[in-house]
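For reference, the structure discussed in these notes is given below.
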Amino acid sequence: MVGAKGQTPVISIQGVTVKFGGIVALDSVEFDILDGEILGLIGPNGAGKTTLFNCLSRLYTPTSGNIAFMGESILGQPAHRIAGLGIGRTFQNVASFANLSVRDNVRIGAHSDTRSNPLFDALWLPSVRREERKIDEVTADLIGWLGLEDVAELPVGGLPFGTQKRVELARALASHPKLLLLDEPACGLNHDEVSELGTLIKRIRDERGVTVLLVEHHMSLVMSVSDRVVVLNFGEKIAEGTPDEVQKNPEVVAAYLGDGH
Amino acid sequence: MTQTVHTNAQAPSASVPPYQPAPAPQAKLLSLGNIVSLLVLALLIAIPIFSEGFFVFQMTQMLVYATAVLGLNLLTGINGQFSLGHSAFYAIGAYTCAILVELGGVNYMLTIPIAGVVAFVFGFLFAFPALRLEGIYLALATFALAVATPQLLKLNAISDWTGGVQGIVMFQETFDVPVPFGLPMDPGTWTFYLTLFVFAVVYVLALALVRSRTGRAMMAIRDNPIAARSMGISLPYYKATAFGVSALVTGIAGALNAIVIKFVAPDSFTFIFAVLILVGMVIGGVGWLQGCLIGGLAMLYFPNIAEVFDDIVLWVANIGGFADALPSGNEMQQQFIRLSGVIYGVILVLIIYLAPSGAGGLLRAIAGRIKRLLS
Amino acid sequence: MSAILKVENLEASYGELRVLRGINFEVERGGVTTLLGANGAGKSTTLRALCGMIQRSGKIMFDDRDVSRMPTEDIVRIGVAHIPEGRGTFSTLTTEENLHLGAMARPNKKDEIESDIRKCFEFFPRLQERRNQQAGTLSGGEQQMLAIARALMLRPKLMLLDEPSFGLAPLVTRQIFDILADLNKETGTSMLVVEQNASLALELADHAYLIETGSIVMSGEADAIREDESVRASYLGY
Amino acid sequence: MELFLQQVVSGISTGAIYACMALSVVMIYQAIHHLNFAQGEMAMFSTYIAWQMMAWGFAWWIAFPVTIIVSFMGGFAIERVVFKPIQNAPVLSHIVVFIALFSIFNSLAGFIWDFTIKSVASPFGEGPFMGSTLLGKHQAGMIAVTILMLVMLWAFFQFTRVGLAMRAAAVNPESARLVGIRVETMTALGWGMASAIGAVAGILIAPVVFLEPNMMLSILLYGFAGAVLGGLTSPLGAVIGGFLVGIVENLAGTYLGGIGAELKLSIALALIIIVLVVKPEGLFGRKIVQRV
């Protein structure tokens, strides 16, 4: 492992198994994501990447095993607490709040980082105004950082796909996550857009200090931005290491290219 | 478009140009929306000055209905949940008011917020089972609630309070709403201003709520529940709250209705009334709270649609010169009245086909066009 | 050889989102053509657009007929069998009922249909064992076999296959591809295969197109593409 | 114990009404995955058509099949004309249009036939069934017809090509299109059948509750309760559910005294909510798997 010695894991996946009916979607998968790294998670279709992803965001509960974030298990937490713990996420086919403006989408991203109650909100008390100011600052900062000023007041639903993806990133970053889970961010982007995305992912880590888990099909993206890569196939981890190591691993080559190679 | 969008992300990560975060746009006090709102408010305040009697009563009723539409729209338009049973929460508000005034001797103005709180509790409690229901199933559960409500209100076991089938007649000593502080106005005018005041307060608070963190969370759930959850938004909490708040506002409308009509009875709160609230919301525009006044007007005049229709036919006939061919005026009006259900069924279908976003959508489309013309 | 399917300037979108930006390709009569590309590139969308399952524009010639405005049901009726991603099983119906449904677009000749079902069972003995079982309870591989058998019940001229390897173990995937190769050889049914497993698809196909964000970026003989370093690079990054 | 059994039997006889209605609710749910809130009013309207024909002097055995055919065509036409244009619209639009239909049929019936109560004779005759004090001839006839309809439906779906196509369209519309099934025609057929079954229900119910434009609102609620209890995906379940609702209602009336009788509609409300929350697929329905 590169640079792993002595670093603390942000999240630690410990023997996670998921079964749907009789089908084993994940079989005792085990790996750590270290503080400040970009970890790529790859595997062919149906390998279990999305299942693992959904376990991390608590949409699924593993049949056995544990997931520890900053040393504490997250399995007792409901899905809506995950953001508050410091885990942000994006969705494969963008899941924006289509009728709301870009600014409101990002504001909602700050939900887990702020407090209010419906009664005080309706009365617009001073405490509410303070909290709103905080939300507005974070929002304006991210909108600027991601170059979304021109579209800030437009409803997200009508924006181009690539822009919606950046709104999603802004939204995920608004709660100041420690760990950001990216679900196939390159899906539907062209070559140039993918390389821009690569730069952006590195900036998120370097400038915002966010640890990144990148689940992706797009090999060249994963290989160019990841510090380490984990490979899943049929629910099992078949390789873990630097991009170089993983690409030379014969099992990985077989999984992707078939036995012929 | 795509090109301009991505230029920013291309900026080399080493030398990010320092940027000034743009301040969030402050809500302008003199925005077009605010000006229109103030104009409408002024117009409403002026009503009793320029008219009297029945029209003032009708406008009072319109404001009551508008409050109910506002309540339902908070649930459906803002949070994306359905209800065919809001007549039940309206009834709870009305009965709370009537019982407290007649049996508890409580000042009728005080009962308005109390009715809201009681309705909130009922709404919140109903929401718990309803939370697990989506779309058509929620419609079914609330449909059942609406159909059962009149029967529940007639229950013998509680008839000491509810008056059973008879209902409760309010202000039995004077048969009029007492005008407080010796204000120099007749009870009708006073009731109008009281209703207008309550409506305005509820409206402003509702708008504030929608624009707050809570409101955004509710709209996030409406647009994409799964994404909302991963933003840290608790679905049960905000859905139940939306149900509760919606019931609260509708309950307040119910209490106002009791005060305005001075009478409550089980058969005023049927499924048909729940449908009428829904119709008001659809006409006003789902998700557009400002449309509640239009919705209120629609609820007020919809049941009389047949007469309006009759007038239109007569007018056309007079112009076209075939008035003689029609049945005599009174007879034709009778026919139209008997067909009013058909007329508003057809209008509803037409709205869904032609203007699914209701009056709100139409107004916004027109406003958008004017803005484009001006710029 | 003539082309059984000829696509010119095909565009498609999901609502506002434009997914195909004018693509051109052909499938030869009796041949196997494959469309390769990353997730979200527009491969499945292409198949869906061909069958009229989404908004589309452009020219689609099938068997010398213009089908670009034809509804899905009619395209099926003239001999295009589409096996969707995830197999499109009628999960609560039995295996046999699924096969009957495959013949829905054919004239209702009981004997012919029964004999075709028998042939399917000969070809896929596993399906015969499970004929009265709910199709949703079949394993992934069996469901893929069922999907192929259901498509064969149409006696199609062209089969569109969307990710036949989806969620299958390598051995089973291999089996499915062998079956497809046999079928192509025996019946001469033309095939258009969309696949992530490039290596397998290129083995099966004689012609290949590479698609990226809704545009075709490369095409050629399958063998040539197989040996091409740059294609391999975009698949494994080396 | 004897009282209990008596109440169960008489519950079954009221349950026959609900079972009929529930069957029609399930038919439409299968076809469009919606609950048609106008279903009761459509059945009421069909019943008036039958009544009118009999008032014109046609025999019952002519009026009955003609009404069913007219209702079938009416249901088919409503789907084509009213719902096809909004098939991709949000749920709320559908609910509003159901409500609109509700209002139209209710008002139209009142306009044509006015709101006075009309009595409809039972084709099975009056009086007790084979000397039983619990079961009338009409009730026995209703149970028989309901069961007959169920068997016919089962045979239709099991053994005919169209039946198979309709099932396929309900299970997986996209795949159904891909095997050449005209899914929209199947949906319209579903509407037609639901409306025909509703007509049968209405004609059978009318002798019990009397014919008037508002006769169906509460029966529709019981029909929904029966369908939800039995499972919206199972015609057999819906029929059993309908009978169960009848039994529960009767037992509550007996054992809870006055309150039970007063709470009839609330029992349906409670049943619907409890089933939807505790076991949304109903007693006999398929589990609806939610995908993330």
Side-chain angles (χ1 to χ4, degrees), chain A residues 57 59 78-84 88-89 91 95-100 103-104 107-109 111-114 116-118 121-124 128 131-132 135-137 139-141 143-153 160 162-163 166 171 175 192-193 196-197 199-200 202-203 206-207, chain B residues 1-14 16 18-26 77 80 120 201-202 204-238 241-242 244-245 248 287:
Chain A
S57 46
L59 296 178
H80 69 261
R81 290 272 166 69
I82 295 305
R89 74 164 289 185
F91 291 81
S96 36
F97 306 120
N99 295 309
L100 301 178
R103 193 177 296 282
D104 274 345
R107 278 182 175 138
I108 291 167
H111 185 93
S112 65
D113 220 20
T114 43
S116 76
N117 75 60
D121 273 353
L123 298 172
W124 216 245
V128 173
E131 209 71 355
E132 285 290 323
I135 294 173
D136 282 348
E137 272 165 30
T139 306
D141 171 47
I143 284 177
W145 194 69
L146 284 162
L148 292 165
E149 295 100 332
D150 292 344
V151 292
E153 312 310 325
T163 314
R166 278 189 300 143
R171 190 179 70 182
S175 62
D192 295 343
E193 289 170 329
E196 288 158 19
L197 176 71
T199 316
L200 185 55
K202 283 191 179 152
R203 278 180 65 202
D206 297 342
E207 295 171 25
Chain B
M1 189 73 192
T2 2
Q3 274 210 326
T4 54
V5 157
H6 288 284
T7 44
N8 194 282
Q10 253 169 347
S13 57
V16 187
Y19 65 88
Q20 286 291 313
Q26 294 296 311
F120 177 87
V201 169
V202 169
V204 168
L205 291 184
L207 236 54
L209 183 71
V210 168
R211 284 176 191 163
S212 73
R213 179 173 173 274
T214 303
R216 286 191 301 265
M218 287 173 179
M219 292 187 284
I221 292 171
R222 171 196 70 193
D223 278 8
N224 196 324
I226 292 177
R229 199 156 59 158
S230 62
M231 295 301 112
I233 294 167
S234 159
L235 266 54
Y237 176 76
Y238 283 102
T241 302
V245 171
L248 180 146

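Chosen from A:Gly84, A:Ala95, A:Ser112, A:Ser57, the residue pairing most often with chain B at heavy-atom distances under 4.5 Å is A:Ala95. Put simply, of A:Asn117, A:Thr114, A:Leu148, A:Ile143, the one with the most heavy-atom pairs under 4.5 Å next to chain B is A:Thr114. The residue among B:Ala208, B:Ser234, B:Ala206, B:Gly244 with the most heavy atom pairs within less than 4.5 Å of chain A is B:Ser234. Per-residue counts of heavy-atom pairs under 4.5 Å with chain A were compared for B:Ala228, B:Gly287, B:Ala217; the largest is that of B:Ala228.
The shortest non-hydrogen separation linking B:Asp223 to A:Leu100 is OD2-N, 3.7 Å.
Here the CD1 atom belonging to B:Ile226 is positioned 6.5 Å from the CG atom belonging to A:Leu59, to the nearest 0.5 angstrom. Distance check, rounded to the nearest 0.5 Å: CZ of A:Arg89 to CE of B:Met231 gives 8.0 Å. Distance check, rounded to the nearest 0.5 Å: CZ of A:Arg171 to OG of B:Ser230 gives 6.5 Å.
A side-chain donor-acceptor contact under 3.5 Å links A:Asp121 to the backbone of B:Thr214.
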**Report entry** Full working for side-chain contact (heavy atoms from CB on, under 4.5 Å) between A:Phe91 and B:Asn224
**Finding:** CA-CA 12 Å; A:Phe91 291 81; B:Asn224 196 324; 6.0 Å; no

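Between B:Arg216 and A:Glu132, at least one side-chain nitrogen of the basic residue sits less than 4.0 Å from a carboxylate oxygen of the acidic one, meeting the salt-bridge criterion.
With sequence neighbours excluded, the residues forming a ring-ring contact (aromatic ring centres under 6.0 Å, His included) with B:Tyr238 are A:His111, listed by chain and number. Under the side chain to side chain contact (heavy atoms under 4.5 Å, CB included) criterion, B:Thr241 pairs with A:Pro118, B:Phe124, B:Met218, B:Tyr237, B:Val245, not counting sequence neighbours.
Counting heavy atoms from C-beta on, the side chains of B:Met219 and A:Ile108 never come closer than 4.5 Å.
Contacts between A:Ile82 and chain B at a heavy-atom distance below 4.5 Å are absent for every atom of the residue.
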